[in-house]
Amino acid sequence: MESKSSTTGNRDNPNRNLHGSKTMMASHFLRALFRIQQTSTSSSSAGRSRRIRRAAYASMAYSAGTRRAWSRALLRKLRSRARLRFPRRLSRAATPQRRDMDQAQVLRKLVPGGPSMDDCKLLEETADYIRFLTTQVRLMQTVMDSVSS
Amino acid sequence: MSSRRSRITGKEINELASKLRSLLPESRRRNMSRVSASKLLKETCSYIKSLHREVDDLSSRLSDLMSTMETDSPQAEIIRSILGS
């Protein structure tokens with residue numbers, strides 16, 4: 001598999017960032033899956049599911065490296081063995097949202113490292129995070145398809 | 001949670017809007033050509049949440065699949081040797 005270095009001249013072309021990362025992501029994730037399969041017993045399906053989920057976010061973060069605030073934040077969370085949570089619901093009963101402000105706050109809670117970003121940086125990080133997320137999802141779908149055929 | 005908010009110009013809001021729009025997949029982009037940045041932000045949040053849910057869902061499905069798989073199939077060996085672990 002060809003992979004391109006992700007160090008030089010990648011700032012202008014976001015897709016080039018992703019190419020070498022995809023390879024890293026796939027190999028990291030597959031390795032993790034093998035490990036999980038070998039070390040989990042049949043009675044711990046929920047535990048195994050959590051480990052796979054964790055491996056998914058780890059692959060994303062490791063392949064993105066420390067270039068990005070979101071991946072640094074994810075790596076910190078993973079290393080501290082903290083539970084990986086992303087808020088799904090609004091914490092308070094729905095009060096009428098005050099336009100841009102509250103939605104940006106919601107976004108900050110969804111993107112790792114969000115709370116410490118200003119609006120401009122939040123947007124850049126969101127774009128990168130979404131790219132890596134969709135790549136990871138597609139990777140998992142591919143693994144699913146090839147294993148179940 | 002502190003966040004420094006610089007004053008955003010109208011032009012920057014348009015750029016923000018088009019950038020947000022470009023993050024969404026085609027299926028979500030359809031009605032978003034003339035909506036506010038706020039709505040786009042909301043749609044972006046909704047999209048990220050759905051991606052998180054997909055990761056969860058695929059994780060549990062992969063877990064179920066694993067329980068039915070043999071640990072040392074020939075395919076697994078091939079993949080392992082390619083990975084070089």
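Just so you know, these numbers use all the heavy atoms, side chains as well, and skip hydrogens, waters and symmetry mates. Chain A is the first sequence line, chain B the second, and so forth, proteins listed ahead of strands; every chain is numbered from 1.
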Point to revise | A:Leu33, part contacting chain B, at a heavy-atom distance under 4.5 Å | key: both
Practice item. Could you give me the CA-CA distance, side-chain angles and deciding distance for A:Val143 and B:Leu58, then say whether side chain to side chain contact (heavy atoms under 4.5 Å, CB included) is met? Key: CA-CA 10 Å; A:Val143 173; B:Leu58 285 163; over 6 Å; no
Review point. How far does CD of B:Glu54 sit from CD of A:Gln136, to the nearest 0.5 angstrom?
Key: 11.5 Å
Review point. Passes side chain to side chain contact (heavy atoms under 4.5 Å, CB included), A:Leu110 versus B:Thr44? Steps please.
Key: CA-CA 10 Å; A:Leu110 290 171; B:Thr44 306; over 6 Å; no
Check your understanding: Is it the case that one hydrophobic cluster holds both A:Leu84 and A:Ile36, taking links as side-chain heavy atoms less than 4.5 Å apart, direct or via other members?
Key -> yes
Revision key, fill the gap. Whatever's closer than 4.5 Å to a heavy atom in chain B on A:Ala56 counts as side chain
Exercise for review: Evaluate side chain to side chain contact (heavy atoms under 4.5 Å, CB included) for A:Tyr129 paired with B:Leu51, printing each intermediate quantity in order.
Suggested key: CA-CA 11 Å; A:Tyr129 183 57; B:Leu51 287 171; over 6 Å; no
Point to revise | Pair A:Arg48, B:Ser63: side-chain N/O donor-acceptor within cut-off below 3.5 Å | key: yes
Review point. If you round to the nearest 0.5 Å, how far is CZ of A:Arg51 from OG of B:Ser59?
Key: 12.5 Å
Review point. Is it the case that one hydrophobic cluster holds both A:Leu78 and A:Leu133, taking links as side-chain heavy atoms less than 4.5 Å apart, direct or via other members?
Key: yes
Review point. Which residues in residues 19-26 of chain B have any heavy atom lying under 4.5 Å from a heavy atom of chain A?
Key: B:Lys19, B:Leu20, B:Leu23
**Study point:** Joint cluster assignment, B:Val55 & A:Tyr62, ILVMFWY side-chain distance < 4.5 Å
**Key:** no
Exercise for review: Find the distance between CZ (B:Arg61) and CD1 (A:Ile52) and round it off to the nearest 0.5 Å.
Suggested key: 12.0 Å
Study note, to complete from the structure: d(A:Thr126 OG1, B:Tyr47 OH) to nearest 0.5 Å is 12.5 Å
Exercise for review: Check each atom of B:Leu65 against the heavy atoms of chain A and say whether the ones under 4.5 Å are side chain, backbone, both or neither.
Suggested key: side chain
Check your understanding: What heavy-atom pair brings B:Ser38 and A:Gln103 nearest, and what distance separates the two atoms?
Key -> O-CG, 3.9 Å
Exercise for review: With rounding to the nearest 0.5 Å, note down the distance linking NE2 in B:His52 to OH in A:Tyr57.
Suggested key: 4.0 Å
Study note, to complete from the structure: Distance col, row A:Gln37:CD vs B:Leu62:CG, nearest 0.5 angstrom, shows 10.5 Å
Point to revise | Pairwise side-chain contact, B:Ile48 with A:Leu107, heavy-atom cut-off 4.5 Å (strictly under) | key: yes
Practice item. Look at the side-chain heavy atoms of Ile, Leu, Val, Met, Phe, Trp and Tyr, link any pair under 4.5 Å apart, and say whether A:Leu75 and A:Phe29 land in one connected group. Key: no
